[in-house]
Protein chains: 4
Amino acid sequence: MPRRGPNNGADKRNRILRAAIRIFSQKGFFNSKVSEIARASGVADGTIYLYFKNKDDLLISLFEEKMGDVVAGVRQRISAGGDALAKLRIFIDNHMELLEREAGLIEVLQVELRQSKKFLKDYTPVKFFEYLEVISDILEEGKREGLFRPDLNVSVARRAIFGALDELCLTYVLSHNPKYHPSVSSAEIYRILAGGLCAAKPSAQAG
Amino acid sequence: MPRRGPNNGADKRNRILRAAIRIFSQKGFFNSKVSEIARASGVADGTIYLYFKNKDDLLISLFEEKMGDVVAGVRQRISAGGDALAKLRIFIDNHMELLEREAGLIEVLQVELRQSKKFLKDYTPVKFFEYLEVISDILEEGKREGLFRPDLNVSVARRAIFGALDELCLTYVLSHNPKYHPSVSSAEIYRILAGGLCAAKPSAQAG
Amino acid sequence: MPRRGPNNGADKRNRILRAAIRIFSQKGFFNSKVSEIARASGVADGTIYLYFKNKDDLLISLFEEKMGDVVAGVRQRISAGGDALAKLRIFIDNHMELLEREAGLIEVLQVELRQSKKFLKDYTPVKFFEYLEVISDILEEGKREGLFRPDLNVSVARRAIFGALDELCLTYVLSHNPKYHPSVSSAEIYRILAGGLCAAKPSAQAG
Amino acid sequence: MPRRGPNNGADKRNRILRAAIRIFSQKGFFNSKVSEIARASGVADGTIYLYFKNKDDLLISLFEEKMGDVVAGVRQRISAGGDALAKLRIFIDNHMELLEREAGLIEVLQVELRQSKKFLKDYTPVKFFEYLEVISDILEEGKREGLFRPDLNVSVARRAIFGALDELCLTYVLSHNPKYHPSVSSAEIYRILAGGLCAAKPSAQAG
DNA sequence: TATGAATGAGACTTCATTCAT
DNA sequence: GATGAATGAAGTCTCATTCAT
């Protein structure tokens, strides 16, 4: 790992990662060329290999490091929240807002994470699992609080929640149709989930 | 269109499509070689180009034709259903069951459809939209029947539903962990959605 | 060689040759596809191989047979001519007029004959040599008549004459600029050659 | 443009061009393989694409750059000449001598320039036109000097001259028959042209 | 004789990666 | 550390030719 001044190795490494996000999000991993990322980062082709093992490693590093930031960010916002429903709302809003704060990153995650999960040899998306863990935590808390159904299958539910949010993001990314605007999607998906996860009389609470 | 005996063009074309599903689902579109698909189909490399314009066209044809079958299949099963909730259950079950009936196809759709939507020039996934349409129809009917919330945002909801199902499929495909078995996932996702989509007293109906 | 009725094999063979001229002249030998010629002839791809050994043979046959017609034609016209100068004029006019009567053929000869002379294995352009022979004959006759210089190097001169005519044809074919119209070129090239080939006072005769 | 030391980019580019001339002249453009040229240049296949856009570009660059040298060379030699006839002689001799100084180049020009003029999309053989321009200049000067016929059609004549020279070159290239030796051809073609271009009594001057 | 689907060798070109400077 | 020219393996696709019908 090349690091010297705070302004040197780490900086260059970051420029490369940011450029990679931009390029990957525009053209997809397989259609992006290492030399393109180099040019966009303002470094030489070879320099990329000083910071990353290879093109795959660039994608994986990007996932782990940027997802790490996302996980840390959402955890912090949630810690300020109230009950599980409130936290769920925060999680949803946070996810959808990423679309605007970190558009490129989200696009890469959406499209390439799937590929990687299947096709990159020996890659476990650690940070992605942590992100799912954040959802689990909320769901478990909701069950403990008696807010969510006691029979709620947390493993399945967290995937469903992630899947729904992810597809809504993709839809907006592809169409930029205002009817899928993050704020609109957030509200509706919250309503569905609040209704579907809650125990007894969710309608009273959701309303 | 090369076709002669009943045993000729259409058959060969189908063998190629089936092989493509197998290979694409195993290694992903970009990691699959045309010559591999040829070998798996028992035809020469060049033969593939008699039936498909190029590698992209092979993927697109696969999407459209196989998704066409899926859409037709689910429409038929739904037409036999009762109210919107019953139809939703049928839709969910049907989707998750595809994982076993058409594992390869589903895997390709999940991973590659995203790529394609973004990166294949000039490709509109017609049949995929029809599939979403099937969900819309159910949701609209549910609203008319007074079963679903009148304020339900159908556009958003159908995407959320598809996303949830899709992610659950992917999870099972990747892990084959029984805790995500189609039957388990189906039941839970139905419970969530039934709760979240319904008007007034969903708990009574879902229970 | 397949022949049956006058309307059968020979006819089909001719259709293929005519189509080949058209296609070769439009796109060049290497850029033309056998299947294209088949389509243009209204026969199946395989049929071409009943009449010609291969693609090269198609080009060579075309040269020999069509050049044969050209040679026969110009010989006949010349036999009606007067002295060597008159015959030269006929030859020149005839050559340039071919541009309009047999445009495609001339274009193929111009562009492809060169290739063939160099690169087709074991090909001697017999009919092309006969065409040159026609020029030699005129030049020799002119020398015998005392009309042309006695020191005229016939071998070189006939090539120079052919080269000049050929380039003028190519120029017109490529530009269709009226300043290179066959009639204009004919007149000028005749004036040059008449002046340059003749003995003593060519200007008197050429005027 | 890859260039560093004096021993680097430009040198490698030139080695490739020289190899291309050799290979193209031996086998023709279409029968030459890029990998063959790479081997003959002592570089890797991919290296060719660092210096040339593609195979077509290699041919075109070769034309333009080498013809540029030829044009510059002949212009310089001519500038030392006397009247138009003397210059014409220089031009002719120079052209025929290229056969020995630059055999490969001339062969490529002869055979492939024609193809290219017709079939390479969007290619204007700029340097070839300049070469023709050199002839025009001589002819115009001859007319001004009263040496050449005032009614001489310069456009046609320059093409005829080029065509005659070109065909004589090709003949020698193909046969290496001493009766077409450059020195022999030069003398004869000069005699023909001197006779044919001149005004009034060319025989007096040519004699 | 005629067909045209099938073949498969091989061409061009790309691009991740290396390494001498 | 940084560079970027060079590499060369490998992929997509074409097309002349064949042969079962």
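Predicted model only: the values in this text are computed from it and were never measured. Throughout, protein chains are lettered first and strands after them, A, B, ... in sequence-line order, and every chain is numbered starting at 1.
Remark: Phe129(A) engages no residue in a ring-ring contact (aromatic ring centres under 6.0 Å, His included) (not counting sequence neighbours). With sequence neighbours left out, Glu65(D) forms a salt bridge (Lys or Arg N to Asp or Glu O under 4.0 Å) with Arg13(D). A search for side-chain hydrogen bond (donor to acceptor under 3.5 Å, both in side chains) contacts involving Gln26(B) returns nothing, not counting sequence neighbours.
Going from atom OG1 of Thr124(A) over to atom CD of Glu64(A) covers 8.5 Å, rounded to the nearest 0.5 Å.
Of the listed nucleotides (dA5(E), dG8(E), dA6(F)), dG8(E) has the atom at the smallest distance from the side chain of Ala44(B). Nearest nucleotide to the side chain of Lys12(D), out of dA6(F), dT7(F), dT17(E): dA6(F). With distances taken from any side-chain atom of Leu50(A) to the nucleotides dT7(E), dG1(F), dA5(F), the minimum falls on dG1(F). Of the candidates dT17(F), dT12(F), dA5(F), the closest approach to any side-chain atom of Tyr49(C) belongs to dT17(F).
Taking only side-chain nitrogens and oxygens, Tyr51(A) comes nearer than 4.0 Å to OP1 or OP2 of dA2(F). For the OP1/OP2 pair of dT12(F) and a distance below 4.0 Å, the side-chain nitrogens and oxygens of Lys33(B) include no atom meeting the criterion. Close to dT3(E), at under 4.0 Å from its OP1 or OP2, lies a side-chain N or O of Thr47(C). Of the side-chain N and O atoms in Ser35(A), none sit less than 4.0 angstrom from OP1 or OP2 of dC15(E).
With rounding to whole Å, Lys55(C) atom NZ is found 8 Å from dA16(F) atom C1'. Rounded to an integer number of Å, the gap from Phe52(B) CZ to dC13(F) P is 13 Å. Distance CG (Asp11(A)) to C1' (dA2(F)): 14 Å, rounded to an integer number of Å. Rounded to an integer number of Å, the gap from CD1 of Ile37(B) to C1' of dC13(F) is 14 Å. For Ile48(A) and dT18(E), the CD1 to P distance is 13 Å, given to the nearest whole Å. Atoms CZ (Arg39(C)) and P (dC15(F)) sit 12 Å apart, rounded to a whole Å. Between Asn54(D) atom CG and dA11(E) atom C1' there is a gap of 13 Å when expressed in whole angstrom units. Atoms CZ (Arg15(B)) and P (dA5(E)) sit 16 Å apart, rounded to a whole Å.
Heavy-atom nearest nucleotides on DNA chain E were determined for Lys53(A) and for Val43(B), and the one closer to the 5' end corresponds to Val43(B). Nearest-nucleotide assignment on DNA chain E puts the 5′-proximal partner with Val34(D), out of Val34(D) and Gly46(A). If you find the closest nucleotide of DNA chain F to Gly42(D) and to Asp45(C), the one lying nearer the 5' end belongs to Gly42(D).
For residues 16-35 of chain C, the salt bridge (charged side-chain N to carboxylate O under 4.0 Å, His left out) pairs, not counting sequence neighbours, are Lys27(C)-Glu36(C). Within the structure, side-chain hydrogen bond (donor to acceptor under 3.5 Å, both in side chains) pairs that include any residue of residues 38-47 of chain B do not occur (at least two apart or interchain).
Judged by the 6.0 Å distance and 45° axis criteria, Lys127(B) is not positioned over the aromatic ring of Phe63(B). Relative to the six-membered ring of Tyr51(A), Lys12(A) misses at least one condition, a distance below 6.0 Å or an angle of at most 45° to the axis.
With a 3.5 Å limit on both pairing distances and Watson-Crick or G-U wobble geometry required, the stems of 3 or more pairs in DNA chain F span E:2-21 with F:2-21.
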